[in-house]
S.K.: 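This structure is in structure tokens; I'll ask about it shortly.
Quick note on labels: first sequence line is chain A, next is B, and so on, each numbered from 1. The shown structure was predicted, so the numbers you read here are calculated from the model rather than taken from an experiment.
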Number of protein chains: 2
Amino acid sequence: MVETDELLENRVGEMTRKTNEMGIPLMIVIEGPPASGKSRLSNALYMALDAKYTDFMATRPPRDIDLRYPFLQRYWNHLPKNGDINIHFRSWYAQYIEYKTNTVLDNVRVDYEEIKQDMDRFEQTLIDNGYEIIKFYVHTTEAVRDKHIEKLRANPVLKWKAEEFAERLDKIDYENEMEQFLKAPTGCPWTVIDFEEKGGAINTLYRTIIERLEKRVEAEESAEASKIDGAFTNSYESEFFNFDFEKEKIKKKEYKEILPDLQSRMREIQFQLYEKKIPLVIVYEGMDAAGKGGNIKRIRESLDPTGYTVNATGAPTDIELAHHYLWRFAINTPRSGHIGFFDRSWYGRVLVERIEGFASKKEWTQAYDEINDFEKSLYNSGAIIVKFFLSLDKDEQLERFTDRQEDEDKQWKLTDEDWRNREKWDLYVEASEDMVRETSTARAPWHIIAGNDKRYARITALRKVIEACEARLGNS
Amino acid sequence: MVETDELLENRVGEMTRKTNEMGIPLMIVIEGPPASGKSRLSNALYMALDAKYTDFMATRPPRDIDLRYPFLQRYWNHLPKNGDINIHFRSWYAQYIEYKTNTVLDNVRVDYEEIKQDMDRFEQTLIDNGYEIIKFYVHTTEAVRDKHIEKLRANPVLKWKAEEFAERLDKIDYENEMEQFLKAPTGCPWTVIDFEEKGGAINTLYRTIIERLEKRVEAEESAEASKIDGAFTNSYESEFFNFDFEKEKIKKKEYKEILPDLQSRMREIQFQLYEKKIPLVIVYEGMDAAGKGGNIKRIRESLDPTGYTVNATGAPTDIELAHHYLWRFAINTPRSGHIGFFDRSWYGRVLVERIEGFASKKEWTQAYDEINDFEKSLYNSGAIIVKFFLSLDKDEQLERFTDRQEDEDKQWKLTDEDWRNREKWDLYVEASEDMVRETSTARAPWHIIAGNDKRYARITALRKVIEACEARLGNS
């Protein structure tokens, strides 16, 4: 038997203390068929790492509640923050195989080709945002595996575990299914560990981790600072804001007649979505004081509060900043049959972060694709996605700011930041133009709504939501 | 129809902005039988509050996974942080009634008298730590309720909701069960709202909230600063550290013989706990360099890593500091059948926080009862609780510090803080003495282990854990 090399273990400890200090988030994936020895390997690794920043996440067979979220929800929820380490004992790969082979899930419509792409894009966006992902596939011979299972079976207390292994090996063709992943071209390669005995396997595991982290640390130390550049042309053509604001109006009397009917219909739709387990995601972006909050209120007004949530996006907290920028939104994905409002959203990456230089040019430019992919994963889980951009002209904004300043009950709504943003009006318009152009898709279209007349904007948004839902409900 | 008073709504907004700024966490509980109007009330309230810091938490019927945690787990997990607001639409009260009347749960052993006490103590410790809890019971006449249900039934899309209400009213005797809570003496009184029509009910809701928050803000503003006082006598008798450290030793050869057998037994026990769905909580406290980490490692060494977690407690993060001090531990409670190690724990409240003045005298003195109550709630959920205090003498600590300083591979383990703590040795001993005396209970006893000899300490801890588990497994 090969003794585990203590020097290697110490070096793993040293390198992970280093990545922890440098704030590099690390995900170590350990896949392998049942009884391949991955428990023993994972336990050794878990013990070698500092428990202060290491989490062990085992992928169990999906529960009902998991099926009510996008496929990758569990992994978004447990994403490590900067400097932290996740050991993924069985990961999204095992989960893919569970979904595909678990007959309990027969009544869930899943497009496995789409899910495979979701998995790929998930890894890629993590890597592109600084995550280090190291993937192991633990493989063993049938002889070694059988010996292990027999040893368990001989112990009366552990016998049931042996049965469980045997049953899983029989039921789920894990190795066959994994082959496609091991062979597929990927930005994030696999290391295959042949488990003959524990010592040698652990040494391979440790050596791979050390090598990868040394390479990463070196790259990090020699990396140039990311370029901060909003890349504004200041010469855009604003097609999206060319409203005839004078025409986009609804009279008070008409509004009071239409609104209650639309709200009642919205309430019915909420119950229909609930019954059919369809999630609805409604995103609001727009100028400051464009009336986003009031608009959302009119949609909420007749809804059952147990079936919707409102996520109001402010400046990120420390913990949020220490994660992938999509994390704080992904963990608030509404479950199937529920409605999630986002009062500002993940689009902050290509708006405020671009404009204020919080994201580098590389980061905000790659974000268009990342966001489209993220919305695709929501769509793949069955979600209806409706996005509103509430526009208003510069004079109207000034009027509303002044109103807020003068009304004691509204003063809290106006901050110095609003005034600062107003000075950057043109940059906001250009960034918004780019955003709408890059991220309006058939599955998640943008609706630009003239916001000068609040009544018009509210009625229009309500109608758009109802239309989108009716289109889906009619087909499902 | 009474119009909802807009002035009241504005005042609710104003007062909650104030409590948000002051960092007061607020929990608004809304209970009431099915179809009593609480959805409409809660929705109005949800809309009146700022979504940036308001969460809406609906208590749904328990799922299987909920039953694998202590009764109050969901509410610990969703505890608001300082300044935030939770609207609890149905709360631990509704959950109590669900547990008691839901026949799905017939095979779960639950002591309802204990749970009622857990609920009471939960509210009390939140209040004692600065939480504001406002509880409403929405009540309506049968006539009003029937009218509401009939209206739903008349709409083809909403008909199923009417049936659900009718079924729940029939199946669960909510009103009768709630009576005991409404009548019971409590530190946290109920406001009963008679729901005749929405406007009047909302006004009562708003008025109560305003009144309570005005009172709280006033109290807060006139409150004297909490007294920071560790109240050390410097004249304690240390019974717990009177080991004959020379005798508490195990030879290397003997250790190498005993250890593997104990570890194998520990592995068997892990599987037995898993099968019988018994959670195991293992807490470690002790002097710096007493060998806690190495001791835990020997217990982990043969375990299946998918069935245990190690929680290493460092200085709290900002988010942790902004919650009840037990929160960061409560959310890491192991689920049934799993093992949770705590390398340092909630006892920090009466150790480092007392010694360093991070907790006021009121806070750390009340913490003994709070901690006993917390452990009682774990015990009530079926947990085995084992607590170790690893002791070592002052000379041995110095030797280990010096060792660490001189060994390149161990230097990272020694920080300036360790040296600072060492200067406060006597305070740590006195605080630890008090801790053990105040919190050693039959259901969660302390084991004081001589730590000068690491081998002895490891073998002793392993034996104690095995004993505690065998005692329970023998009976269950």
S.K.: Highest number of heavy-atom pairs under 4.5 Å with chain A: which of B/Val310, B/Thr317, B/Thr313?
M.R.: B/Val310
S.K.: Apply the test side chain to side chain contact (heavy atoms under 4.5 Å, CB included) to residues B/Thr309 and A/Tyr46: give CA-CA distance (whole Å), side-chain angles for both, the deciding distance (0.1 Å), then the verdict.
M.R.: CA-CA 10 Å; B/Thr309 48; A/Tyr46 190 16; 4.1 Å; yes
S.K.: Testing the basics here: between B/Ser42 and A/Pro305, what is the closest heavy-atom pair and its distance to 0.1 Å?
M.R.: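 It is CB-CG, 4.1 Å.
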S.K.: Which heavy atom in A/Met47 sits nearest to a heavy atom in B/Lys297, and how many Å separate them?
M.R.: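 A/Met47 and B/Lys297 have their closest heavy atoms at O-CE, 2.9 Å.
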S.K.: Identify the heavy atoms of A/Asp318 and B/Asp318 that sit nearest to each other, and give their distance.
M.R.: OD2-OD2, 3.2 Å
S.K.: Can you tell which part of B/Leu152 gets under 4.5 Å to a heavy atom of chain A, answering side chain, backbone, both or neither?
M.R.: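 Side chain only.
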S.K.: Taking side chain as everything from C-beta outward and backbone as N, CA, C, O, which of these in B/Ile65 sits under 4.5 Å from a heavy atom of chain A? Side chain, backbone, both or neither.
M.R.: side chain
S.K.: Between B/Arg60 and chain A, with a heavy-atom cut-off of 4.5 Å, which part of the residue counts as in contact: side chain, backbone, both or neither?
M.R.: side chain
S.K.: Given a strict heavy-atom distance threshold of 4.5 Å, which part of A/Asp55 is in contact with chain B: side chain, backbone, both, or neither?
M.R.: neither
S.K.: Please tell me if the side chains of B/Tyr308 and A/Phe56 come closer than 4.5 Å, counting only heavy atoms from C-beta onward.
M.R.: no
S.K.: Out of curiosity, A/Lys413 NZ to B/Asp50 CG, how far, rounded to the nearest 0.5 Å?
M.R.: 9.5 Å
S.K.: For residues A/Lys52 and B/Gly314, report the shortest heavy-atom separation together with the two atoms involved.
M.R.: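 That closest heavy-atom pairing would be CE-CA, 3.8 Å.
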S.K.: Contact part of B/Arg300 toward chain A, heavy-atom cut-off under 4.5 Å: side chain, backbone, both or neither?
M.R.: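 Both backbone and side chain.
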S.K.: Considering only heavy atoms from C-beta outward, does the side chain of B/Asp64 approach that of A/Arg63 to under 4.5 Å?
M.R.: no
S.K.: Quick one: CG on B/Asp304 to NZ on A/Lys161, what's the gap to the nearest 0.5 Å?
M.R.: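 If we round to the nearest 0.5 Å, B/Asp304:CG and A/Lys161:NZ are 5.0 Å apart.
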S.K.: Identify which part of B/Ala51 has an atom lying under 4.5 Å from any heavy atom of chain A, answering side chain, backbone, both or neither.
M.R.: both
S.K.: If you count every heavy atom of other residues, nucleotides or ligands that lies below 6.0 Å from A/Gln411 atom CD, does the total exceed 12?
M.R.: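 Yes, the 6.0 Å shell around CD holds more than 12 heavy atoms from other groups.
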S.K.: So which of B/Glu301, B/Met57, B/Arg90 has the largest heavy-atom pair count under 4.5 angstrom toward chain A?
M.R.: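 The answer is B/Glu301.
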S.K.: Is chain A contacted by the side chain of B/Asn311, its backbone, both, or neither, given a heavy-atom distance below 4.5 Å?
M.R.: neither
S.K.: If I measure from the heavy atoms of chain A, does B/Phe89 come under 4.5 Å with its side chain, its backbone, both, or neither?
M.R.: side chain
S.K.: Considering only heavy atoms, which portion of A/Ile87 lies under 4.5 Å from any heavy atom of chain B: side chain, backbone, both, or neither?
M.R.: neither
S.K.: Just how far is it from atom CH2 of A/Trp160 to atom CD of B/Gln272, taken to the nearest 0.5 Å?
M.R.: 10.5 Å
S.K.: Given the rule in the side chain to side chain contact (heavy atoms under 4.5 Å, CB included) test, do B/Trp412 and A/Glu14 qualify, once you have shown the distances and angles that lead to the verdict?
M.R.: CA-CA 9 Å; B/Trp412 64 274; A/Glu14 202 181 332; over 6 Å; no
S.K.: How close do A/Leu158 and B/Arg267 get, counting heavy atoms only, and between which atoms?
M.R.: CD1-NE, 4.1 Å
S.K.: Pick one of side chain, backbone, both or neither for B/Asp343, based on which atoms fall under 4.5 Å of a heavy atom in chain A.
M.R.: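 Neither the backbone nor the side chain of B/Asp343 comes within 4.5 Å of chain A.
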S.K.: Whether the side chain of A/Asp409 engages the backbone of B/Asn10 through a donor-acceptor N/O pair (distance < 3.5 Å, no angle test) should be reported.
M.R.: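 Not at all, since once roles are kept as given, no pair shorter than 3.5 Å links the two residues.
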